[in-house]
Structure formats: structure tokens, C-alpha cells
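The first residue of the sequence shown is numbered 1, and numbering continues consecutively from there. Keep in mind it's a predicted model, so treat the numbers as computed, not measured.
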Amino acid sequence: MYIMEMQMKLLMKETGVEPDSISLVIILSAAASLSALTKGKEIRGFMLEGSMVNSLVDMYARCGSLENANMVFICTRSKSLVLWTTMISTYGMHGRGKAAVELFSKMKDQKLIPDHITFLALQACSHSGSIDEGKRLLETMKCKYHLEPWPEHCACLVDLLGRANCLEDACHFVKNMQIEPTAEVWCALLGACHVHSNKKLGQIAAQKLLELDPDSPGTFVLISNLFASSGRWKDAEGMRMRMKGSGLKKNPGCSWIEVGNKIHTFLAIDN
């Protein structure tokens, strides 16, 4: 799909058709998904405003060019909440959690009120921060801005606790959530249990995940890997066979890189 969108851009250029704002946003999104930095840079020749600026910053971020993303952000005079949120997310994407929190403070100085998406971007950045920071963000969201956390916000905190090997705290948080934990929340806990070899909590999370998301191939693979790491080879094989019997197939991990103005695709199985 992304290749077709880039081909559309080429066809428009060859036929002399001027792209409108919608076309530019679509093209920037495609360039970001393909990590086609050179192609995305060509858009800068057009007058960009509103959603196009947001897409340009996002494109630079996903293509690994934090410097260019920051330059576009700084040069934009009228910054919307979406643009601030995009830049916060950009810092998180590049492991700059502290810079994201500092940018959030500057955004508040501009009298902008953060929404659910802003806090989701911030919590994603908290991977490089502390547990206290992650908890503080959740409390600020609820108490100061009266925003009820989405399951995605809760999953971020579970992931943060899991990375710090605070699995009991993570499990306690999940069991005491005010909303019903979703598959995403249990998946975050299961992933942490796999990393830290916690078989007991891992089995609880695995059972809940199977109940909530039985049609996801990723669920079966994650649980199979948990069994394998515990030496439960028969259970791991049984999970794989159950997945195969259900007709489920997990697509291999895939990434793109631009070299010499050409886009190269790599699968997880490639050497």
C-alpha cells in the first residue's frame, strides 16, 4: 500500500498535477512508513501548514531524523496541540524521555491543555524514565485534568513496572484497575514475565490473554515462548500446533531502510 502511494506521488509529478493538502499528508505518511527520508524531504518544497506540518515532523521522526523534526517544530510559529504531542512522541521514539517531559512543561506554559493522546505520548516516553515519573503522569492526568486513563495508558505503566522487574506491583496494579484490563494490558504483563522468567504470574497473564484475544497469532507466539523459556517444550509445541490448527499465522517482523535513494526491505529471518 505504501509503495502504491509513493508511485502516486511520482505519477502526479510526471503529469504536472499539483498535490493538495490531503495528497501531501498521504505521501508523508507513506514516506514515514517506508523510512523513505529522501522522498519525504521533497515535500518541503510545498507550503506546509496544519496537519501537513504534523505529518512532516512525524515523517522525520520515523525516518530517524530527530534534528530535522526538531527544526520544523521550532520554525512553526503557530503550534497546535497535535504538533506539540507529535514532537513529544518524537522524543520518546528516540529515547529522549527527559526532553519529552521538558517539552510538556513548555507546552503547559503556552496554556495548552493536554488530552489523552498527549499523555499517551508522554507515558510511552517514560520507558527511559522512572517508575515514580510514570505514576505521577497517571495521577496528573486523573486529578489535574480530569481525564480517565484509557487501557493504553495503563498498559504503558504496566510495561514500565515490568521493565524494572516490579512484577508483583504490576500485577497488583492490573488487578485493581478501575476499568477491565484489556488484552493489551495483559500482554504487557506477559511480556515482562517472559523477560524476567516469572512463571507463576506469566501463566495467569497467559490465561487472561487467551480469553480476551484468542484470534491473535502474537498471543500464541508469546505464550509459546514463555513455555519454552521455562523448559515446558511440550506445552510450547502444543501452543504452536493449536495456533496452526486455528489457521493463524504470524507475519515475520519487517523493517525498511533507505540506501542510495532506494528502499530496502528486511525480514526478521534475513541474515
Task: Among F104, Y91, F73, ring-ring contact (aromatic ring centres under 6.0 Å, His included) partner for W84 - done: F73
- [ ] Starting at CG of D215, measure out to OG of S246 and round the result to the nearest 0.5 Å.
- [x] 8.0 Å
TODO: Examine distances only and state if a side-chain atom of H94 and a backbone atom of A61 form a donor-acceptor pair shorter than 3.5 Å.
DONE: yes
- [ ] Ignoring hydrogens and angles, state whether a donor on the side chain of N70 or Y60 is under 3.5 Å from an acceptor on the partner side chain.
- [x] no
Task: Side chain S80, main chain L83, donor-acceptor under 3.5 Å - done: yes
Task: K79 side chain to T76 backbone, donor-acceptor under 3.5 Å - done: yes
TODO: Measure across V158 and A188 and return the closest heavy-atom pair with its distance rounded to 0.1 Å.
DONE: CG1-CB, 3.9 Å
Open item on the list: If you compare all heavy atoms of C154 against all heavy atoms of V185, which two are closest, and at what distance to 0.1 Å?
Closed with: CB-CG2, 4.3 Å
Open item on the list: Is a donor from one side chain sitting under 3.5 angstrom from an acceptor on the other, for D115 and T118?
Closed with: yes
- [ ] Check whether any side-chain heavy atom of K106 lies under 4.5 Å from a side-chain heavy atom of L112, and answer yes or no.
- [x] no
Open item on the list: Is it the case that over 12 heavy atoms from other parts of the model lie below 6.0 angstrom from the CD1 atom of I113?
Closed with: no
- [ ] Check for a donor-acceptor pair, side chain of N225 on one end and backbone N or O of V221 on the other, with a separation under 3.5 Å.
- [x] yes
Open item on the list: Any non-hydrogen side-chain atom of E133 less than 4.5 Å from a side-chain atom of L137?
Closed with: yes
TODO: Decide yes or no on side chain to side chain contact (heavy atoms under 4.5 Å, CB included) for V57 and T90, but give the supporting numbers first.
DONE: CA-CA 8 Å; V57 171; T90 294; 3.9 Å; yes
- [ ] Please check if the side chain of H196 supplies one atom and the backbone of G162 the other of a donor-acceptor pair under 3.5 Å.
- [x] yes
Task: side-chain contact (heavy atoms from CB on, under 4.5 Å) against K142, all qualifying residues, sequence neighbours excluded - done: E139, P149
Open item on the list: To the nearest 0.5 Å, what is the distance between NZ on K208 and CD1 on I204?
Closed with: 9.0 Å
TODO: For H146 and M141, run side chain to side chain contact (heavy atoms under 4.5 Å, CB included): C-alpha distance rounded to whole Å, both residues' side-chain angles, the deciding distance at 0.1 Å, then the answer.
DONE: CA-CA 6 Å; H146 308 292; M141 179 181 177; over 6 Å; no
- [ ] Could you walk me through whether L222 and L226 pass side chain to side chain contact (heavy atoms under 4.5 Å, CB included), step by step?
- [x] CA-CA 6 Å; L222 189 56; L226 177 71; over 6 Å; no
Open item on the list: Holding to side-chain hydrogen bond (donor to acceptor under 3.5 Å, both in side chains), I want the full list of residues that pass it with Q207, two or more places apart in sequence or in another chain.
Closed with: E211
Task: Counterpart residues, side-chain contact (heavy atoms from CB on, under 4.5 Å), relative to T140 (two or more places apart) - done: F119, R136, K144, Y145
Open item on the list: Check whether S89 reaches the backbone of T85 with its side chain - one donor and one acceptor, N or O, closer than 3.5 Å.
Closed with: no
TODO: Might you confirm whether atom NZ of K244 has over 12 heavy atoms from other residues, nucleotides or ligands at distances under 6.0 Å?
DONE: no
